Amino acid sequence: MARPNEVVAAALQEYADLISITGGDAFRARTYEKAARGVAGHATDVATLDLKGLEQIPGVGKSTAEKVVEYLSSGRMEALEQLRAKVPAGVRELIAIPGLGPAKAMTLHRELGISSMDELVHAIEAGRLSGLRGFGAKTAANILHGVEVLRHSGGRVMVSTALEVAEEVIAALSGLPGCEKCTYAGSLRRGRDSIGDVDILVAARESKPIMAAFTELPLVGEVIAGGPAKTSIRTTGGLQVDLRVVPPESWGAALQYFTGSKEHNIRVREIAVRKGLKLSEYGLFRAEDDTLLVSETEEEVYEQLGLPWIAPTLREDRGEVAAARNGTLPQLVTAADIRGDLHTHTNLTDGVSTLEEMLAAGRARGYRYYAVTDHAKDMPMQRMTDAKMLAQRKKLRALAGDGKMALLHGSELNIDPDGGVDWDADFLAGFDICVASVHSHFTQTPAELTHRFVKACENPYVNIIGHPTTRLIGRRKPVEPDWDAVFDAAAATGTAMEVNAFPDRLDLPDELIMRARERGVKFAINTDSHSTVHLDMLRFGIAIAQRGWLTPADVINTWTLTKLKAFVTAKRRAA
DNA sequence: GCCGTTTTCGGCCCGACTGTTTTCAGTCG
């Protein structure tokens, strides 16, 4: 069950799509898109707002606010219903096909009565598109291909997968003569939790040799488009990679531009326009005479616009431009701030590395403390027993010798369907710190899930809720309790929410981090490592935490050991 | 439809590439 803001945003986005498809005013369509984003990103539940309150949301004016009120009170939006009556739902689904936009979708519907992806495929195969204005043989083939891609991949890949591809391309291009700089931009640089395509940027005088080398890389499955400034390929694995080559002096402007997000760039360009300037990927220009002002570094571009440099992880048009203007950008948490990992496993349960190996890897990272949190006894497949857990603790205490890295003994407890955990208070009291996670019964009702999480937070020995939504990116949907109620319980009880750094989890997701932070929750950025190499996954968790605007003060494993221990004992004492 | 160190009207980010166009619309990011 999605929160009202998301339901309303979806309705507004649908309305915007239908305006575009029916050939309505493009600016009106964009207005509703903006409003949808504003509503989705708004911290307050829209269901609790009146007309006046709604109009405070960026991009929402009187007309949109009235539609939202109508929708929330009656479940219907008359204007939306009218457009739905004109355009079958399947027509809207067509614009998800790469290369097919609202105008072409409407042409297909108007001229051929096509109103679903299947009908479109059949029409193409039957040759019914020939003779239709704007639909040549090439377009028909591209559409078929687009449908294939869409059905096959669903579009997005894990950030770790995209990073591997990016690093392979960068390694190959960086060595070319004439390549002065090469890096990745786009959603990968912004640290999103999944990646639709990889954007690579190169600074070079001559683009041709770079483009040629790019299309010949072994990972290239097909070349989608190729020009002097931009070339797009799809890898053999199905991931799209766009390469842009810019002159070296345009590097900063180009990096800013291709990092996005699109919405952030629109916001920044609006500032440029108001100052009588023009910002493109080639630089910041004076509008009246096209004089180049700056372009070499991102810092210069932002500075010339009267803004401090904004971290890529914040560039989502979620208020970062206003914060930059007011000097209230957050001091974001970085990997260097992390003093220890608080969720790790060993081969005592389902890990693959030994206790000694894991501790050595933690020391190698320079951690000041390190928690071993193997699975608890209620997870039958892990075969944990009280005796094994106590034996591990004894061993750990014996290994705590060098004084540089403190060793914490913990466990990843299971939150049972009713919110209870594996052991009673007496046994739990022996641990230094505990994570508690949901590992089963994902299909409970939202009310049951809410009760379950809240009760877990109220347990004095539960310090961190592990991978709270339990989502597996591309494989398992998140559970959906009333998160605001859960976060309130976490904040009130001194229970941290985990930002699990594993690339197929990245859990909490960034939107929920923002909501939790608003409600005063603290966080722990952990890797959930099952092997020594997993400790490096921290970087992905840091990116997600930054996208949630977290500062070191919000993150308990940036704190000193003394402060961390106080966090644990304060909760126990309060009980 | 929204919005305002230029504004309550007249703008709304900007450029690249494709396909089908004979000068440009559509799509994408």
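Below, read A as the first sequence line, B as the second, and so on, with proteins coming before strands; counting in each chain starts at 1. All values reported here derive from a predicted model rather than from experimental measurement.
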Which value, in whole Å, describes the distance between the [atom1] atoms of nucleotides [N] and [M]?
{"N": "B:dC12", "M": "B:dT5", "atom1": "P", "answer": "16 Å"}
{"N": "B:dC13", "M": "B:dC3", "atom1": "C1'", "answer": "16 Å"}
{"N": "B:dT18", "M": "B:dT23", "atom1": "C1'", "answer": "15 Å"}
{"N": "B:dC2", "M": "B:dT8", "atom1": "C1'", "answer": "12 Å"}
{"N": "B:dT20", "M": "B:dG15", "atom1": "P", "answer": "26 Å"}
{"N": "B:dT27", "M": "B:dT21", "atom1": "P", "answer": "15 Å"}

Could you let me know what B:dT8 is paired to, Watson-Crick or G-U wobble, both distances under 3.5 Å, or none if it's on its own?
none

Closest nucleotide among B:dG29, B:dG1, B:dA16 to the A:Asp242 side chain:
B:dG29

Which of B:dT6, B:dG29, B:dG1 is nearest the side chain of A:Arg274? It is B:dT6

B:dG15 base to A:Tyr257 side chain: any donor-acceptor pair below 3.5 Å?
no

Over 60° means perpendicular and under 30° means parallel, so tell me whether A:Tyr302 and A:His264 are parallel, tilted or perpendicular.
tilted

Using modelled atom types only, decide if a donor and an acceptor are shared between the side chain of [X] and the backbone of [Y] within a distance under 3.5 Å.
{"X": "A:Ser74", "Y": "A:Tyr71", "answer": "no"}
{"X": "A:Asn5", "Y": "A:Thr44", "answer": "yes"}
{"X": "A:Thr527", "Y": "A:Ala501", "answer": "no"}

Looking at [X], I'd like to know whether one of its side-chain N or O atoms comes within less than 4.0 Å of OP1 or OP2 on [N].
{"X": "A:Thr64", "N": "B:dC2", "value": "yes"}
{"X": "A:Asn142", "N": "B:dG19", "value": "yes"}
{"X": "A:Lys138", "N": "B:dG19", "value": "yes"}
{"X": "A:Ser280", "N": "B:dC13", "value": "no"}

For A:Lys278 and A:Ala103, find the nucleotide of DNA chain B closest to each by heavy atoms; which residue's nucleotide sits nearer the 5' end?
A:Lys278

Residue whose closest nucleotide on DNA chain B lies nearer the 5' end, A:Glu55 versus A:Gln240
A:Glu55

dist A:Asn500:CG -> A:Phe540:CZ (nearest 0.5 Å) comes out at 12.5 Å

Separation of [N] [atom2] from [X] [atom1] (nearest whole Å):
{"X": "A:Leu144", "N": "B:dG19", "atom1": "CG", "atom2": "C1'", "answer": "16 Å"}
{"X": "A:Ile57", "N": "B:dC3", "atom1": "CD1", "atom2": "P", "answer": "11 Å"}
{"X": "A:Lys262", "N": "B:dT27", "atom1": "NZ", "atom2": "P", "answer": "13 Å"}
{"X": "A:Tyr32", "N": "B:dC2", "atom1": "OH", "atom2": "P", "answer": "6 Å"}
{"X": "A:Arg133", "N": "B:dA25", "atom1": "CZ", "atom2": "C1'", "answer": "9 Å"}
{"X": "A:Phe27", "N": "B:dC14", "atom1": "CZ", "atom2": "C1'", "answer": "12 Å"}
{"X": "A:Leu51", "N": "B:dC2", "atom1": "CG", "atom2": "P", "answer": "12 Å"}
{"X": "A:Leu12", "N": "B:dC2", "atom1": "CG", "atom2": "P", "answer": "10 Å"}

Name the nucleic acid region contacted by A:Gly260, choosing base, sugar-phosphate or nothing; use a 4.0 angstrom heavy-atom cut-off, strictly under.
nothing

Under 4.0 Å, counting only non-hydrogen atoms across every strand here, what does A:Ala137 touch: a base, just sugar-phosphate, or nothing?
sugar-phosphate

Charged N to carboxylate O below 4.0 Å: is that the case for A:Asp17 and A:Arg92?
yes

